[in-house]
Amino acid sequence: MNTVEAIVSNPAYQPYLAILKGARNGLVYGVKVRFAHAVVMSILFGRGDWKARARVIFRATKQHAFSLAKFVALYKTFMLIQQKANGGKPRSADTFLAGLLGGYIVFSDRSAVNEQIVLYVVSRVLASFLPRAESPYSSRPPAPGTTVKPIPPDPRYFTVFAMVSWGCIMWLFENKGEAIQPGLFNSMVYLYRDCDRWSGLKTLLWHNT
């Protein structure tokens, strides 16, 4: 036990143990995020008995968790390799290249879960180009290892961003629904089309026809 503690506390092993810890955190985060989402989607839109739905929930949670675990581990591994190749000095491009390789290995195969993760990331990338407001999200200090605080978009530009986003998605839903991600499409059917049909008070207020 003392030997293990010595290894864990040794700064020389920190970069390598960080890869292991990153994989662990990716696994835990993936389970937390996907399990709750999968349960809700199964209740709202799932088909078949509860045993079949439970299998779908398990598969989606497992894929999301392991994908994040693999990506974090690969990203930190590629970062370490690049820094060692550059004499231990990090470069700005290292993060892009590490993310590029990790994204190719983990997320290049199209699946429902991978598509949702990539679309989530894309939306954040696009939103990052909006001009920032003057004040940060909170007065809390920056996260450990960073020197910046997240700053929300300027309200004026966010208004335009929101308007255009909703205008585009509603147009796509009505005119080119096949191009929308299936999870979002099912949600929109539930919200905007199922509400047009009922056969009585029960199906008006309690459940859809």
Side-chain angles (χ1 to χ4, degrees), residues 26 29-47 53 56-57 59-61 63-65 67-68 71 75 95-96 99-100 102-104 106-140 142-143 146 148-209:
Y29 184 82
V31 170
K32 288 182 176 180
V33 171
R34 176 55 58 171
F35 179 75
H37 176 270
V39 169
V40 172
M41 295 300 289
S42 179
I43 293 173
L44 290 177
F45 309 117
R47 296 180 179 178
R53 297 188 190 194
V56 172
I57 293 170
R59 286 197 299 266
T61 302
Q63 183 180 355
H64 196 142
S67 291
L68 285 183
F71 179 80
Y75 173 79
T95 54
F96 177 77
L100 200 72
Y104 173 74
V106 178
F107 296 110
S108 60
D109 291 335
R110 202 211 71 79
S111 67
V113 172
N114 279 355
E115 188 176 357
Q116 288 170 0
I117 294 173
V118 171
L119 290 176
Y120 175 87
V121 172
V122 167
S123 67
R124 268 52 184 177
V125 172
L126 293 176
S128 73
F129 290 101
L130 293 175
R132 301 291 99 181
E134 296 181 357
S135 59
Y137 278 103
S138 70
S139 58
R140 291 181 298 176
T146 66
V148 298
K149 297 179 183 179
I151 299 176
D154 185 297
R156 296 167 297 178
Y157 294 95
F158 181 79
T159 298
V160 176
F161 181 70
M163 292 168 56
V164 172
S165 297
W166 278 102
C168 289
I169 196 61
M170 297 312 300
W171 184 88
L172 284 170
F173 178 62
E174 295 296 343
N175 297 279
K176 201 176 180 183
E178 69 276 6
I180 300 177
Q181 192 273 334
L184 177 58
F185 182 81
N186 289 337
S187 300
M188 296 182 76
V189 168
Y190 182 82
L191 290 170
Y192 305 112
R193 289 185 181 165
D194 288 352
C195 63
D196 292 333
R197 300 186 302 272
W198 62 88
S199 58
L201 184 62
K202 185 177 180 180
T203 54
L204 174 66
L205 299 178
W206 183 245
H207 64 77
N208 291 317
T209 53

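Between V39 and F35 there is a side-chain heavy-atom pair separated by less than 4.5 Å. The side-chain heavy atoms of I57 and M41, taken from C-beta on, include no pair separated by under 4.5 Å. Between V106 and L68 there is no side-chain heavy-atom pair separated by less than 4.5 Å.
The shortest heavy-atom contact between V33 and H64 is CG1-CE1, 4.2 Å. Considering all non-hydrogen atoms of both residues, G99 and Y75 come closest at N-CD1, 3.7 Å. In terms of heavy atoms, S111 sits closest to Q63 at OG-NE2, 2.6 Å. Minimum interatomic distance between M188 and I180 (heavy atoms only, all atoms of both residues): SD-CD1, 4.4 Å.
In this structure, the ring pair (Phe, Tyr, Trp, His ring centres under 6.0 Å) partners of F71, at least two apart in sequence or on a different chain, are F107. Partners of R156 by salt bridge (Lys or Arg N to Asp or Glu O under 4.0 Å), not counting sequence neighbours, listed by chain and number: D154. Residues forming a salt bridge (Lys or Arg N to Asp or Glu O under 4.0 Å) with R193 (at least two apart in sequence, or on another chain): E174. Listed by chain and number, the residues in a side chain to side chain donor-acceptor pair (under 3.5 Å) with T203 are S199 (sequence neighbours excluded).
Note that the CG atom of D109 and the OH atom of Y104 stand 8.5 Å from one another [nearest 0.5 Å]. In this structure, CE on M170 lies 10.5 Å from CG on N175, to the nearest 0.5 angstrom. Note that CD1 of I169 and CD of Q181 are 9.5 Å apart. Values are rounded to the nearest 0.5 Å.
More than 12 heavy atoms of other residues, nucleotides or ligands sit less than 6.0 Å from atom CZ of F161.
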Side chains of residues 115-134: which donor-acceptor partners sit under 3.5 Å, not counting sequence neighbours?
unit_1, atom_1, unit_2, atom_2, d
E115, OE1, R110, NH1, 2.5
Q116, OE1, R34, NH1, 2.7
Q116, OE1, R34, NH2, 2.7
S123, OG, Y120, O, 2.7
S128, OG, V125, O, 2.5
R132, NE, L130, O, 3.0
R132, NH1, I151, O, 2.8
R132, NH2, A127, O, 2.8
R132, NH2, L130, O, 3.2

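Sorted by first then second residue, the ring-ring contact (aromatic ring centres under 6.0 Å, His included) pairs that include residues 169-189, not counting sequence neighbours, are F173-F185.
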